[in-house]
There are 2 protein chains.
Amino acid sequence: MKATFRDVKADILEKITSGTWQPGSLIPNELDLAETYGCARATVNRAMRELADEGLIERRRKAGTRVRMAPVRQARFDIPIVRQEIEEQGAAYRYFLVSRAIVAAPDWLRARLTLAAGAEVLHLVCMHYADGVPYQHEDRWINLDALPQARDADFSELGPNEWLVSAIPYSDAEISFSATLADAEMADYLGSTEGAALFTVERLTWWQDKANTYVRLSFRHGHRMTTRY
Amino acid sequence: MKATFRDVKADILEKITSGTWQPGSLIPNELDLAETYGCARATVNRAMRELADEGLIERRRKAGTRVRMAPVRQARFDIPIVRQEIEEQGAAYRYFLVSRAIVAAPDWLRARLTLAAGAEVLHLVCMHYADGVPYQHEDRWINLDALPQARDADFSELGPNEWLVSAIPYSDAEISFSATLADAEMADYLGSTEGAALFTVERLTWWQDKANTYVRLSFRHGHRMTTRY
DNA sequence: TCCAACATTATGACTGAACTTATCGCTATA
DNA sequence: TATAGCGATAAGTTCAGTCATAATGTTGGA
């Protein structure tokens, strides 16, 4: 008796994992559950809402709540700042700015960022090292129309990643993962061989409906991104 | 006046993104906010709790709520069943079982799944096609100790992925992404060339504290996993 | 037979109040 | 001076009740 929303959640989850409530089957309504657990409906509601958020159950007004047929499993990844990622592994972080140039945006970038012809962008190439070993290669393009302050920023000490989070507190982003082959230049930077398989992250961010920056991060050979869910 | 939790959440978010509330600064307490928005404390609480879940703010009892210095951004990925993934792209799904064998678990697998010496596992190799084009290569190992039903299951029609979600409604999982090179055999399967960079997903799942299956999914060359956050 | 209007129902949201818990900062004691 | 204890505070949780909303199924009329 006197169940907390955590108790209720755990019990419902147990009923699902053990198979007592089969996928697709209807779960008792909130009022009934509140009575069986001896708590208020709001408590049951919170438990069920969290389970629905996690993709285990499906809720529809009037239709009731049912166990999902094919539970939509979601994995959550923390997207850390490189410095933090490296320091959390107990390694020493080092940053180096390889190049910095203001150029007219190439067409492929204009298309991605929705930029007018002839728009100027800041192109940065940086390296991130963990204990002196190459960790990540960063190829970043910043839209100077959206972020004119970047023109005067000095990226030789502070990485663009960290500069950006201080300049823009929050932004929408699209992130995508893929595998690419290291060309000769990338192999040099990352201390691997040409033709090595690299884990690559691309990210596009917006702020106030304006595309902000496009970045392509190439990790050293063998890098893995892991999470539990 | 009469703000919903969505209004409150949106307004707080706006204050953060616009920089009105700087990173690290303290946000008014729930009671004050409830008054300014003209709603109950529980409403403000829900808005703030969701923002805290999303990693934008940090809450501590007595200390109050503050805007995170470096917002921990999280990306959420749906982990779909291959069939669904392919069919949602509007392509025709085809499955083929390449091989099926019951073998003694190799040492590397025993280590991963915490299996006793000599434990038997079911080893499956499957291919998934989208519109006839190779999409994903699946190399799966099932712990027969934890899942004896798998011994009698016929995987020639139904893929192990789908069989598993019906056999086990829910499980804990560890998932990891990396980039690997296609060897000659994999290149044959995926219709690419040897030395191509492949996006690879490895997944280890548990059910009731027993390691269940280990699977290694290799996607065809050029595959990307994308999400917004 | 078809369909629009309506009552029903389960979830969704909000309120105002109470109680719980973690923790900060102060104070009194060793 | 260090620290153990204590009170105040803000978030965390729960409650019972109300109103809102979406979707379903039924009823009655054309």
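Proteins come first, then strands; the chains are lettered A, B, ... in the order of their sequence lines, and each starts at number 1.
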**Study point:** B:Ala63 vs A:Arg41, nearer the 5' end of DNA chain C by closest nucleotide
**Key:** A:Arg41

Starting the side chain at C-beta, find the nucleotide from [options] nearest to [X].
{"X": "B:Arg6", "options": "C:dC14, C:dG12, D:dA10", "result": "C:dG12"}
{"X": "B:Thr4", "options": "D:dC15, C:dC14, C:dA10", "result": "C:dC14"}
{"X": "A:Ala42", "options": "C:dG16, D:dA16, C:dG12", "result": "D:dA16"}
{"X": "B:Asn45", "options": "C:dT11, D:dA23, D:dG12", "result": "D:dG12"}
{"X": "A:Asn29", "options": "D:dT13, C:dA10, C:dT21", "result": "C:dA10"}
{"X": "B:Lys62", "options": "D:dC15, C:dA22, C:dG12", "result": "C:dA22"}

Figure out the [atom1]/[atom2] separation between [X] and [N], and round it to whole Å.
{"X": "A:Arg59", "N": "C:dT9", "atom1": "CZ", "atom2": "P", "answer": "18 Å"}
{"X": "A:Arg61", "N": "C:dT9", "atom1": "CZ", "atom2": "P", "answer": "17 Å"}
{"X": "B:Leu26", "N": "D:dT9", "atom1": "CG", "atom2": "P", "answer": "15 Å"}
{"X": "A:Glu30", "N": "C:dC14", "atom1": "CD", "atom2": "C1'", "answer": "14 Å"}
{"X": "A:Arg66", "N": "D:dA23", "atom1": "CZ", "atom2": "P", "answer": "15 Å"}
{"X": "B:Asp7", "N": "C:dA13", "atom1": "CG", "atom2": "C1'", "answer": "12 Å"}
{"X": "B:Arg49", "N": "D:dG12", "atom1": "CZ", "atom2": "C1'", "answer": "9 Å"}
{"X": "B:Leu31", "N": "C:dA17", "atom1": "CG", "atom2": "C1'", "answer": "12 Å"}

Review point. So what does B:Arg46 hit on the nucleic acid, given a heavy-atom distance under 4.0 Å: a base, only sugar-phosphate, or nothing?
Key: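 Here B:Arg46 touches the backbone only, sparing every base.
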
Point to revise | B:His221 NE2: over 12 foreign heavy atoms closer than 6.0 Å | key: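 Open.
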
Practice item. Look at the rings of A:Phe177 and A:Phe199 and say which category their plane angle falls in: under 30° parallel, 30 to 60° tilted, over 60° perpendicular. Key: tilted

Exercise for review: Determine, stepwise, if the pair B:Glu202 / B:Tyr214 fulfils side chain to side chain donor-acceptor pair (under 3.5 Å).
Suggested key: CA-CA 7 Å; B:Glu202 283 166 280; B:Tyr214 165 74; 2.5 Å; yes

Review point. Given the rule in the side chain to side chain donor-acceptor pair (under 3.5 Å) test, do B:Glu85 and B:Tyr135 qualify, once you have shown the distances and angles that lead to the verdict?
Key: CA-CA 10 Å; B:Glu85 191 177 347; B:Tyr135 184 84; 2.8 Å; yes

Revision key, fill the gap. When A:Ala40 and B:Thr65 are each assigned the nearest nucleotide of DNA chain D, the 5'-most assignment goes to B:Thr65

Check your understanding: What about B:Phe77 and A:Phe77, are their ring centers closer than 6.0 Å?
Key -> yes

